[in-house]
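See below for the structure under consideration.
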Amino acid sequence: MPDHLTVLRDALARAVTAVCGQPPAAVEIVPPARPEHGDLATPVAMSMAKAAKRNPREIADGVAAALLADPATAGLVAGVEVAGPGFINLRMAPAWFAAVVDDALAAGPRYGAGGTAAPEPVLVEFVSVNPTGPLHVGHARQAALGDSVSRILAFAGDDVSREYYVNDYGRQMELFGESVAARYGQLYGLPTEVPEDGYQGDYVSDVARVMQVEVGDGHRERVSPPDDETLALFARRGGELMLDAILAELEVFRVHFDVVSHETPLHDDGVVAARLDELVAAGHAYEQDGALWFRSSAFGDEKDRVLRRANGATTYLAADVAYHLDKARRMGGRMIDVLGADHHGYIGRLKALVEAGGFDPDHLEVLIVQLVSLLEQGEARKMSKRAGTLVTMADLVRDIGVDAARFFLVERSSDTTLDLDLGLAREKSQENPVYYVQYAHARCCSILRKAADEGVERGDSPPPEALGDDERALIQRLADWPGVVTEAAARRAPHRVVAYLKDLARDFHGFYHRSQVVDAAPAERDLRLGLVEATRGVIACGLDLVAVEAPERM
RNA sequence: GCGCGAGUAGCUCAGUCGGAUAGAGCGCCGGUCUACGAAACCGGAGGUCGCAGGUUCGAAUCCUGCCUCGCGCGCCA
């Protein structure tokens with residue numbers, strides 16, 4: 001059951017086709033620049049003018065006449081006017097506004113869902129940090145983006161799977177193991193020291209203490225000096241504990257992964273070696289200077305890349321060959337990787353390896369998330385990994401709460417650096433847009449509670465003769481929702497949902513101030529009760545798409 | 001040097017597969033509670049859309065060049 005904006009768009013497309021003899025590429029319906037231009041406007045006649053080699057005003061006149069004669073929109077369009085260079089301005093009838101509200105109520109929580117034209121399986125991989133340390137605010141932004149994109153794609157109709165890829169292999173894990181072992185030794189007063197380039201953070205001691213509980217003092221004799229077997233144990237178990245902590249934090253952050261895949265088995269089970277052999281056999285890899293190179297330049301990358309070093313160790317890229325080709329095989333659909341800005345130089349390689357593996361490189365999409373800087377009183381908060389002043393995701397959540405963190409981290413387009421004002425985010429009041437939106441939801445609930453308390457139920461009276469400006473604006477905003485979802489999904493842009501919610505909340509607050517609901521005359525009351533319920537539903541739905549709670553009371 | 005991203009109001013940013021007089025929040029100035037929540041509403045001031053050309057009925061949006069900022073350019077991950 002298409003929503004009424006779609007009904008109108010289809011009717012306009014039919015009218016254009018009848019007048020021009022060819023269908024329009026798209027029918028854009030926009031709010032008019034000025035209120036006296038009507039309720040809705042479309043520039044479709046002007047965009048058709050070139051293709052049809054006709055005067056835009058002439059087309060517009062024809063479309064206007066055809067639209068008025070279309071039975072599908074009979075009673076919904078109150079007036080059509082051609083203005084300016086060929087804009088078609090529409091004045092909608094009360095029945096149209098009522099129909100929009102009915103659309104939303106009939107669809108319930110599914111209003112706006114399923115708009116993706118060609119749904120497909122999508123695997124969204126994000127966060128994927130080494131289990132050697134806690135998540136910081138940059139990861140929090142990636143988590144918020146990856147999860148919100150997943151929620152939006154799923155709502156729009158795709159079959160989404162969230163995945164975390166654990167780099168639990170290689171030199172960094174060894175260093176982590178050595179660091180944990182050193183801290184473990186220190187618990188027994190041994191002179192063990194964390195390596196210079198190891199992990200110095202306090203959390204390493206926490207991991208060591210947990211391991212002390214698990215393995216007891218059985219290894220105290222084996223960490224000073226350490227033997228390989230012991231280091232391997234500390235690296236493996238330490239990594240597991242760290243990963244558990246990371247995933248638990250992400251659950252608190254309302255991020256749940258459907259699949260957690262590990263790098264180590266790709267090496268141990270020979271998958272990496274097998275993929276490298278295949279690349280060689282296909283002529284996509286070659287030996288030079290004792291190393292094995294991927295001929296990625298043949299697939300558009302800037303230069304060739306090393307897969308296996310002269311010392312025999314495979315690179316991170318080699319594992320990614322195995323991992324991404326495995327993903328491509330499992331999915332048979334689209335892969336989205338969410339990466340930090342410092343990894344953007346990696347995109348060419350990833351696309352190249354997907355193509356070399358026989359898959360369409362366009363099926364891999366890489367979303368780059370720009371940096372986050374935290375502001376305190378307008379001053380940038382200095383963050384340095386070395387100085388230990390890095391703000392972790394846990395710190396952020398403790399400071400401003402999950403709702404504010406999730407909201408602020410996706411409020412801006414992911415390809416612009418984000419300034420997060422902690423003072424504002426912490427503020428539980430007026431200036432804070434999170435509460436502004438949540439408050440609108442609570443107000444809707446408050447009205448509905450009052451109606452229930454007074455035994456007032458929504459009747460089925462016909463729409464009022466005329467609607468107020470606030471009602472028209474709010475209803476039109478609701479009519480936009482399905483389009484907003486589709487757009488946010490197509491562009492992988494949760495910030496569109498957030499921006500919409502702020503607009504919707506503003507329209508609602510304005511309506512609220514000037515319109516009585518429960519105590520209004522029957523015709524108005526029925527429409528407004530439906531409008532409040534529909535608004536409440538869309539706010540709750542939109543907030544859920546960015547994993548922010550919609551409280552009934554605040 | 002090359003690549004990617006950004007440059008729009010005092011600040012933070014929307015808007016960018018071309019549409020009418022470029023928007024919001026914050027901040028600033030002023031007004032509104034005996035109504036379903038004032039965590040709200042209403043009004044005002046505030047702009048060479050980085051610069052310069054080009055494309056056309058029409059450019060913040062597309063093209064070219066330049067400037068500034070961030071990030072990246074390893075047989076690291």
Side-chain angles (χ1 to χ4, degrees), chain A residues 25-26 28 30 32-34 37 41-44 46-47 49-50 55-56 83-87 89 129-130 132 167 169-173 263 288-293 302-303 305-317 319-320 340-348 366 368-371 373 375 378 411-421 424 427-440 442-451 453-454 456 470 495-496 498-500 502-503 505-506 508-520 528 532 553-554:
Chain A
E28 201 185 347
V30 297
R34 308 172 68 174
H37 288 154
T42 175
V44 68
M46 290 180 291
S47 39
K50 203 166 284 180
N55 180 314
F87 285 97
N89 294 328
V129 302
N130 298 1
T132 55
N167 303 126
Y169 184 89
R171 182 63 191 145
Q172 293 308 313
M173 282 317 293
E263 178 180 355
Q288 188 181 307
D289 303 330
L292 182 69
W293 296 73
E302 296 163 27
K303 54 184 177 184
R305 312 287 178 174
V306 172
L307 291 163
R308 191 174 56 229
R309 291 176 285 228
N311 67 9
T314 51
T315 60
Y316 183 78
L317 178 63
D320 253 332
D342 54 344
H343 282 66
H344 73 251
Y346 206 68
I347 300 174
V366 182
I368 291 298
V369 182
Q370 296 293 329
L371 303 179
S373 52
L375 299 184
E411 195 186 7
R412 308 305 185 191
S413 160
S414 57
D415 52 26
T416 186
T417 53
L418 178 74
D419 286 326
L420 202 166
D421 187 329
L424 176 61
E427 192 71 46
K428 282 198 171 44
S429 71
Q430 332 165 354
E431 302 84 28
N432 195 327
V434 187
Y435 299 105
Y436 184 78
V437 174
Q438 289 184 322
Y439 184 52
R443 268 187 160 170
C444 290
C445 292
S446 177
I447 293 172
L448 297 171
R449 267 197 304 273
K450 179 181 175 182
D453 288 349
E454 296 185 5
V456 173
D470 295 302
H495 75 277
R496 298 263 185 153
V498 174
Y500 172 84
K502 290 192 287 190
D503 287 341
R506 182 152 27 83
F508 176 74
H509 286 308
F511 159 78
Y512 170 91
H513 262 266
R514 288 177 288 272
S515 315
Q516 273 294 305
V517 178
V518 180
D519 300 327
R528 291 173 185 174
V532 171
R553 287 191 167 85
M554 292 174 68

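Keep in mind that the numbers below use all heavy atoms, side chains included, and drop hydrogens, waters and symmetry copies. Remember, predicted model here, so these are calculated numbers, not experimental data.
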Could you check whether any side-chain heavy atom of A:F511 comes within less than 4.5 Å of a side-chain heavy atom of A:V532, counting everything from C-beta outward? yes
Nucleotide of B:C13, B:A39, B:C36 approaching A:K450 most closely (side-chain heavy atoms): B:C36
Just to be sure I understand the rule, does A:D289 reach a base, reach only the sugar-phosphate, or reach nothing, if contact means heavy atoms closer than 4.0 Å? base
Syn or anti for B:C26? Use the chi torsion, O4'-C1'-N9-C4 for purines and O4'-C1'-N1-C2 for pyrimidines, with syn inside 90° of 0. anti
How would you label the contact of A:K502 with the nucleic acid (heavy atoms, under 4.0 Å): base, sugar-phosphate, or nothing? nothing
Drop me the distance from A:T314's OG1 to A:L292's CG, to the nearest 0.5 angstrom. 10.5 Å
Which is true for A:Q516 with a 4.0 Å heavy-atom rule: it touches a base, it touches only sugar-phosphate, or it touches nothing? base
Which one, B:C41, B:A6, B:C71, comes nearest to the side chain of A:T416? B:A6
Can you measure A:E28 atom CD to B:C17 atom P for me and round it to whole angstrom units? 9 Å
Check RNA chain B for consecutive Watson-Crick or G-U pairs with both distances under 3.5 Å and list the runs of at least three as stems. B:1-7 with B:67-73, B:10-13 with B:23-26, B:28-32 with B:40-44, B:50-54 with B:62-66
Whole angstroms only, please: what is the CD-C1' distance between A:Q438 and B:A39? 10 Å
Closest to the A:D415 side chain: B:A77, B:G5, B:A20? B:G5
Interatomic distance at C1', B:G18 relative to B:U61, whole Å: 6 Å
Phosphate contact (B:C36 OP1 or OP2) by A:R553 side-chain N/O below 4.0 Å: no
Can you tell me, in whole Å, how much space there is between the P of B:A22 and that of B:C49? 10 Å
Using the side-chain heavy atoms of A:R506, tell me which of these nucleotides is nearest: B:A40, B:G25, B:C13. B:G25
Reading RNA chain B from 5' onward, which residue's closest nucleotide shows up sooner: A:A505 or A:L317? A:A505
Looking for any heavy atom pair under 4.0 Å, which part of the strands does A:R171 touch: base, sugar-phosphate only, or nothing? nothing
Determine, for A:F508 and A:R443, whether the Lys NZ or Arg CZ falls below 6.0 Å from the six-membered ring centre while staying within 45 degrees of the axis. no
Reading RNA chain B from 5' onward, which residue's closest nucleotide shows up sooner: A:D470 or A:W293? A:D470
Distance, rounded to the nearest Å, where A:D419 contributes CG and B:U12 contributes P: 6 Å
Quick one, A:V518 and A:I447 - any side-chain contact, counting heavy atoms below 4.5 Å? yes
Remember a base hit wins even if backbone is also touched, and classify A:H495 as base, sugar-phosphate or nothing at under 4.0 Å, heavy atoms. sugar-phosphate
Which of the following nucleotides, B:U16, B:G25, B:C71, is nearest to the side chain of A:R496? B:U16
If you check the A:I447 side chain, which of B:C36, B:C75, B:A20 turns out closest? B:C36
Would you indicate what A:R443 reaches in the nucleic acid, counting non-hydrogen atoms under 4.0 angstrom: base, sugar-phosphate, or nothing? sugar-phosphate
Which nucleotide, B:G3, B:G70, B:C36, lies nearest any side-chain atom of A:E302? B:G3
Just call it for A:A440: base, sugar-phosphate, or nothing, with non-hydrogen atoms closer than 4.0 Å on any strand. nothing
Nearest whole angstrom, please: distance from the P of B:C41 to the CG of A:D503. 12 Å
Atom CD1 of A:I368 and atom P of B:G3 are separated, to the nearest Å, by 17 Å
Identify whether any heavy atom of A:A341 sits under 4.0 Å from a base atom; if not, whether one sits that close to sugar-phosphate; answer base, sugar-phosphate or nothing. sugar-phosphate
Of the listed B:A40, B:C75, B:A39, the closest approach to the A:H509 side chain comes from B:A40
What contact category does A:R514 fall into here, base, sugar-phosphate, or nothing, at under 4.0 angstrom with non-hydrogen atoms? sugar-phosphate
Would you mind reading off the distance between A:R528 atom CZ and B:A35 atom C1', rounded to a whole angstrom? 13 Å
Touch check for A:N89, heavy atoms < 4.0 angstrom, all strands: base, sugar-phosphate only, or nothing? base
